[in-house]
Structure formats: structure tokens, C-alpha cells
Amino acid sequence: MYKLKFLGTADSGGIPSHNCTCSICQEYRLKGKKNLATSAYIECKNGEIILLDAGIEDIASIFDRKKIVAVFLTHFHADHALGLLRLRYSSDDINCYHPKDKDGFADLFKHPKAIQFTENTPFESIEINGIKFIPIPLKHSKNTTGYLIQSKNKTIAYLTDCAGIFEKSMKFLLSHDIDECYIDACLAPDFQKGNHLNYEEASKILDEINAKKSYLIHGSHVTLEYIKKNNLQLKYNYI
């Protein structure tokens, strides 16, 4: 059975955020902790790596001497695609599946080098090493797809970044028995606006999906401090 692991689950600023003195950032510094931009991976039985997003700049170093067989990109914002700038210099050929985007990020399309970019088709399955990845359109400021990840024994929904889920996408999700669901909850509802869900909106979606295990991701230090200061008890935890 595969396991989805995270290199980071924060927003693009990461935690601690540069020179921020909020209690969350200070706590992370004191404990020697850091949370990088949201990026996940699966290590297959044969040792090959499948990336879900590649926003961490030194991701090529993190997986040096590991075969990266595929990248499933949610979208081409920098905090999800930055690592591809170095990864394209790999000695291996790497397939990158992504939603439709005429611009991509930086000069990746112009100089792909080792990376083969392939536009995904919503709701059409791509299978790698016995694991299926199904793109799910999400509402965001740039064309974005989450992924339903399926094997014989487990189904995971990876839903970042998003400000909402299209009706067709939600119907698709509800048609599956989902073991784990990870969803964007970048914002606090009382004072933050943007192209992301706040934790109340995300929690309502998680209630509807009703996965066996559900988690909030993509949290910012601002949101986490707001929760801490107001001593809020959320139904779902940030990881």
C-alpha cells in the first residue's frame, strides 16, 4: 500500500516567514522547525518517486540518486513549480503531467531539457507503477487540477490550491470511497480574502466528502496564529 508523504504543507511564504515575529514563526525558530510550500510524493515499491507538485527549490537535491518517474503538477504557480527549474537538468527523462496552461512557469516550456511536459485531461486516468492519478479541476486564479490517487487498496484526494470545487468535480469525488483527503485551507475567514479556501469553507467540503481521514493543508502562519490567539478548536487538523 502506498503512502503519500509531504515535503511541506505551508503556503508560498512557508513557516517561519522571513523576518516575521508572530508567535507561530517564533515558535518554529525556537524549535528549529520549518514548513515549506505544499509538495508531496509517493515512493513506489520499486523505489521510484512520484511527485505531486515540485515547488521546493532544492527538490532535485532531496531526491538525488532516486529515480523520479513522474511529476503530477496541480498548476504552474511558483510555489508548486519552482523545483522544476533545477530538476530539468536531471540525467533522467522525467514526465510532468499538468493542467492546460499556455504560459507554464518561467522558461520551462521553452527549455524543458529532461522534462517531458504532457497536458492532462480532466477525469482521465494516468497510471504509473500500478497507481492511478485522475485530474480534478479546481477553482483557483490559475488553471488548476487536484488529483484522485487510486490503488487497489487506497484512494486519496489531493486538493490544493483551490478557492472552491466545481460541481462536476464534487460529484466525481462523491462517487468514490476516499480513504484520505487533503485540502487547501490557506485563509482565516474573518479577515483574509483570496483564491484559496478558508478553514471553515474547507471543513464544510471535508464534511461533504466524508473521507475516512481528512486534513487541512496549505496553511499560512497568519492563519495559524489567528487560530492560536483565539484558542479555536477546529474539526480537522492542519498538518
Side-chain angles (χ1 to χ4, degrees), residues 6-15 17-18 20 35-40 51-57 59 71-85 96-110 115 117-124 133-148 157-173 181-206 208-209 215-224 226 238-239:
F6 284 86
L7 298 172
T9 61
D11 71 339
S12 57
I15 306 173
S17 181
H18 184 254
C20 177
N35 193 356
L36 303 174
T38 297
S39 187
L51 298 179
L52 284 117
D53 288 325
I56 296 172
E57 191 275 335
I59 203 165
V71 181
F72 286 90
L73 207 67
T74 57
H75 62 299
F76 278 102
H77 276 154
D79 58 323
H80 294 262
L82 182 63
L84 297 177
L85 294 179
C96 179
Y97 302 94
H98 61 87
K100 183 177 182 179
D101 191 313
K102 66 180 179 64
D103 298 317
F105 173 69
D107 64 349
L108 284 171
F109 285 166
K110 186 177 180 181
I115 298 178
F117 290 99
T118 302
E119 186 179 302
N120 65 36
T121 301
F123 308 111
E124 287 193 7
F133 297 81
I134 306 171
I136 306 168
L138 302 174
K139 298 177 182 178
H140 193 43
S141 55
K142 201 168 180 64
N143 195 30
T144 299
T145 54
Y147 290 94
L148 191 74
Y158 177 78
L159 308 173
T160 190
D161 295 15
C162 67
I165 299 180
F166 296 106
E167 183 178 355
K168 185 176 181 181
S169 297
M170 181 58 79
K171 285 182 178 179
F172 177 79
L173 288 165
C181 185
Y182 301 87
I183 194 166
D184 177 357
C186 184
L187 308 177
D190 293 343
F191 62 94
Q192 291 179 301
K193 303 293 181 184
N195 289 294
H196 295 270
L197 293 168
N198 63 53
Y199 56 75
E200 289 182 348
E201 294 167 331
S203 295
K204 289 178 181 178
I205 292 172
L206 291 178
E208 190 173 357
I209 292 173
Y215 304 94
L216 305 175
I217 58 174
H218 209 64
S220 75
H221 64 114
V222 175
T223 299
L224 297 182
Y226 178 82
Y238 281 90
I239 60 168

>> Rounded at 0.5 Å granularity, tell me how far CD in E119 sits from CG in N143.
In response: 8.5 Å
> Yes or no on side-chain contact (heavy atoms from CB on, under 4.5 Å) for T144 and H80, after CA distance, side-chain angles and deciding distance?
Replying inline: CA-CA 11 Å; T144 299; H80 294 262; over 6 Å; no
> Within the side chain of Y147, is there an N or O that forms a donor-acceptor pair under 3.5 Å with the backbone of L73?
Replying inline: yes
>> Could you check whether any side-chain heavy atom of E200 comes within less than 4.5 Å of a side-chain heavy atom of P189, counting everything from C-beta outward?
In response: yes
> Are E124 and I134 side-chain neighbours, meaning at least one heavy-atom pair lies under 4.5 Å?
Replying inline: no
>> Does atom CD (E167) have a neighbourhood of more than 12 heavy atoms from anything else shown, all under 6.0 Å?
In response: no
> So how far is it from C181 SG to L173 CG, rounded to the nearest 0.5 Å?
Replying inline: 7.0 Å
> Is the ring centre of Y182 less than 6.0 Å from the ring centre of F6?
Replying inline: yes
N/O donor-acceptor pairs under 3.5 Å from side chains in residues 215-222, not counting sequence neighbours:
from, atom 1, to, atom 2, distance (Å)
H218, ND1, A10, O, 3.3
H218, ND1, T38, OG1, 3.1
H218, NE2, D161, OD2, 3.2
S220, OG, V222, N, 3.4
S220, OG, T223, N, 3.1
S220, OG, T223, OG1, 3.1

> So, for I115 and C96, which heavy atoms are closest and what is the spacing to 0.1 Å?
Replying inline: CG2-CB, 3.6 Å
> Quick check: does any side chain N or O of D107 sit under 3.5 Å from a backbone N or O of K110, one acting as donor and the other as acceptor?
Replying inline: no
>> Are F105 and H75, when compared by the centres of their aromatic rings, separated by less than 6.0 Å?
In response: no
> Hey, does the side chain of D11 reach the backbone of C186 with a donor-acceptor pair shorter than 3.5 angstrom?
Replying inline: no
> Does any donor atom in the side chain of D53 or T74 lie under 3.5 Å from an acceptor atom in the other side chain?
Replying inline: yes
> Donor-acceptor pair, N35 side chain versus T9 backbone, under 3.5 Å?
Replying inline: yes
>> For M170 versus I209, what's the shortest heavy-atom pair and its separation?
In response: SD-CG1, 4.1 Å
> Hey, what do you get for NZ (K139) to CG (N195), rounding to the nearest 0.5 Å?
Replying inline: 11.5 Å
> Mind checking whether F117 and L108 have side chains closer than 4.5 Å, heavy atoms only?
Replying inline: yes
> Would you say the side chain of L159 lies within less than 4.5 Å of the side chain of D184, judging by non-hydrogen atoms?
Replying inline: no
> CD/E208 to CD1/I165 distance, rounded to the nearest 0.5 angstrom?
Replying inline: 8.5 Å
>> Distance check, rounded to the nearest 0.5 Å: T118 atom OG1 versus Y97 atom OH?
In response: 5.5 Å
> P135 versus T121: any side-chain heavy-atom pair under 4.5 Å?
Replying inline: no
>> Within the 4.5 Å heavy-atom criterion, are L36 and L7 side-chain neighbours or not?
In response: no
> Taking all atoms of both residues into account, what is the closest heavy-atom pair of P99 and F76, and its distance?
Replying inline: O-CE1, 4.4 Å
>> Determine whether S39 and L52 satisfy the following criterion, side-chain contact (heavy atoms from CB on, under 4.5 Å), listing intermediate values before the conclusion.
In response: CA-CA 6 Å; S39 187; L52 284 117; over 6 Å; no
> A202 and A185: which non-hydrogen atoms are nearest, and at how many Å?
Replying inline: CB-CB, 3.8 Å
> Where do H140 and L138 land on the side-chain contact (heavy atoms from CB on, under 4.5 Å) test, with the steps shown first?
Replying inline: CA-CA 6 Å; H140 193 43; L138 302 174; 5.6 Å; no
>> Looking at every non-hydrogen atom in both residues, tell me the closest pair between Y158 and A40 and how far apart they are.
In response: CE1-CB, 4.0 Å
>> Can you confirm if the aromatic rings of F133 and F72 lie within a centre distance of less than 6.0 Å?
In response: yes
> Is the backbone N or O of L197 less than 3.5 Å from a side-chain atom of E201, with the two atoms forming a donor-acceptor pair by type?
Replying inline: no
>> Suppose we screen for ring pair (Phe, Tyr, Trp, His ring centres under 6.0 Å). Which residues come up paired with F172, at least two apart in sequence or across chains?
In response: F123, H176
> How close do A37 and D79 get, heavy atom to heavy atom, and via which atoms?
Replying inline: CB-O, 3.6 Å
